[in-house]
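The figures here come from the full heavy-atom set of this structure, side chains too, leaving out hydrogens, waters and symmetry mates.
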Amino acid sequence: MPQYAAIIYASDVDPTRPEAVDMMKDYDEFGAGAAAVIRGGAALYPTATATTVRVTGGKGGDIVTSDGPYAETKEALTGFYLLECADLDEAVKVAAQIPGAWDGAIEVRPVVDFGR
């Protein structure tokens with residue numbers, strides 16, 4: 001059965017902070033309701049904790065890092081789920097139930113199966 005990444009773009013909130021308790025309850029409810037198709041996932045710390053890595057000159061070149069996200073956006077990449085669904089239509093229906101869709105966006109993308 002195909003797998004889909006449900007990539008969450010929402011407000012840049014630290015899910016470990018006490019003020020995120022209500023939000024996390026919504027995610028717990030989603031997780032319980034969609035447990036049959038969830039194969040993995042994770043919440044991410046806020047973008048302020050990100051480090052962007054580039055290699056100048058291609059393979060073997062100089063490693064250059066910068067603090068913060070790759071791109072500044074209104075909504076931040078806050079987490080993802082790996083869903084195993086019959087098709088894109090089912091994946092979209094599941095993604096619409098993710099709390100991040102209520103005030104942000106969920107990008108649903110098929111995952112390449114390399115057969116490993």
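- When all heavy atoms are compared, the tightest approach of Pro110 to Tyr4 is CA-CD2, 3.7 Å.
- Rounded to the nearest 0.5 angstrom, Thr51 OG1 and Asp67 CG are separated by 5.5 Å.
- Note on Ile98 and Met24: same hydrophobic cluster, where clusters join Ile, Leu, Val, Met, Phe, Trp and Tyr whose side-chain heavy atoms are under 4.5 Å apart, directly or indirectly.
- Atoms CG and CD, on Leu83 and Gln3 in that order, are 9.0 Å from each other to the nearest 0.5 Å.
- Looking only at side-chain heavy atoms (C-beta outward), Ile8 and Leu77 stay at 4.5 Å or farther from each other.
- Ile7 and Tyr45 fall into different hydrophobic clusters, where Ile, Leu, Val, Met, Phe, Trp and Tyr side chains are chained together by heavy-atom contacts under 4.5 Å.
- Residues passing the salt bridge (Lys or Arg N to Asp or Glu O under 4.0 Å) test with Glu107 are Arg109, sequence neighbours excluded.
- Panel note: side chain Asp14, backbone Pro46; no donor-acceptor pair is recorded below 3.5 Å.
- Linking Ile, Leu, Val, Met, Phe, Trp and Tyr residues whenever their side-chain heavy atoms come within less than 4.5 Å leaves Val13 and Leu44 in two separate clusters.
- When side chains are defined from C-beta on, Val111 counts as touching Leu82, because their heavy atoms get closer than 4.5 Å.
- When the side chains of ILVMFWY residues are joined at heavy-atom separations under 4.5 Å, either directly or via intervening members, Val94 and Val108 end up in a single hydrophobic cluster.
- Considering all non-hydrogen atoms of both residues, Val53 and Thr65 come closest at CG2-CG2, 4.1 Å.
- Within the 4.5 Å cutoff, the side chain of Glu90 has heavy atoms near those of the Val37 side chain.
- The shortest heavy-atom contact between Thr78 and Ala10 is CG2-O, 3.8 Å.
- Ring pair Phe30/Tyr81 is perpendicular by interplanar angle, where above 60° counts as perpendicular and below 30° as parallel.
- Put simply, OH on Tyr9 and CD1 on Ile106 are 10.0 Å apart, with the number rounded to the nearest 0.5 Å.
- Contact detail for Tyr27 and Pro99: the closest heavy-atom pair is CE1-CB, 3.6 Å.
- For the atom pair Asp87 CG and Lys93 NZ, the distance stands at 8.0 Å (nearest 0.5 Å).
- Contact between Ala86 and Pro2 at its shortest, heavy atoms only, is O-CG, 3.6 Å.
- The two residues Ala96 and Ala101 have their closest heavy-atom pair at O-CB, 4.1 Å.
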